[in-house]
Amino acid sequence: MRVAGIRWSIEASFQTAKSQVGLDQHQVRRWDSWHRFTTVTLAALAVLTICAADAADQDHTVTGLITLTVNEIRRLTSACIIRPINDLTHRLHWSGWRRRHQARA
């Protein structure tokens, strides 16, 4: 029973890695390339998870926002750092609006 419970958490982690950091988007040709790609994607997921856990420690009742999720942190990282735009305040405002709307729902 304990092994089945561990397997379920591993499957959930792999599903999150597939949807958030693209674990399933590599075309395997060789063991070395697969190993490198998997290591990088799981490291990226670990960074996103640590950021989400750090954000969950903060008190969000004052701002009326939900806590930052792994999905929202990935989206903000992609929008603000990887693909920078001229209007950074617009992206941050949009993120705040989405999180306020989710908190109300």
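Numbers here simply count residues along the sequence, with the first being 1.
The aromatic ring centres of W97 and H101 sit less than 6.0 Å apart.
One hydrophobic cluster holds both I73 and L92 under the rule that ILVMFWY side chains link at heavy-atom gaps under 4.5 Å.
In this structure the side chain of R98 reaches within 4.5 angstrom of the side chain of E72, judged on heavy atoms. By the 4.5 Å heavy-atom criterion applied to side chains, R99 and L68 are counted as neighbours.
Between L76 and R91, the shortest heavy-atom distance links the atoms CD2-O, 4.4 Å. T69 approaches A52 most closely through the heavy-atom pair C-CB, 4.2 Å.
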- [ ] For side chain to side chain contact (heavy atoms under 4.5 Å, CB included), just list the numbers for L42 and V21, CA-CA rounded to whole Å, side-chain angles, deciding distance to a tenth of an Å, and then say yes or no.
- [x] CA-CA 8 Å; L42 291 180; V21 293; 5.9 Å; no

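To the nearest 0.5 Å, atoms CZ (R36) and OG1 (T41) are separated by 13.5 Å. Taken to the nearest 0.5 Å, the CD atom of Q102 stands 11.0 Å off from the CZ atom of R104. To the nearest 0.5 Å, the span separating OG1 on T49 from CG on D54 amounts to 12.5 Å.
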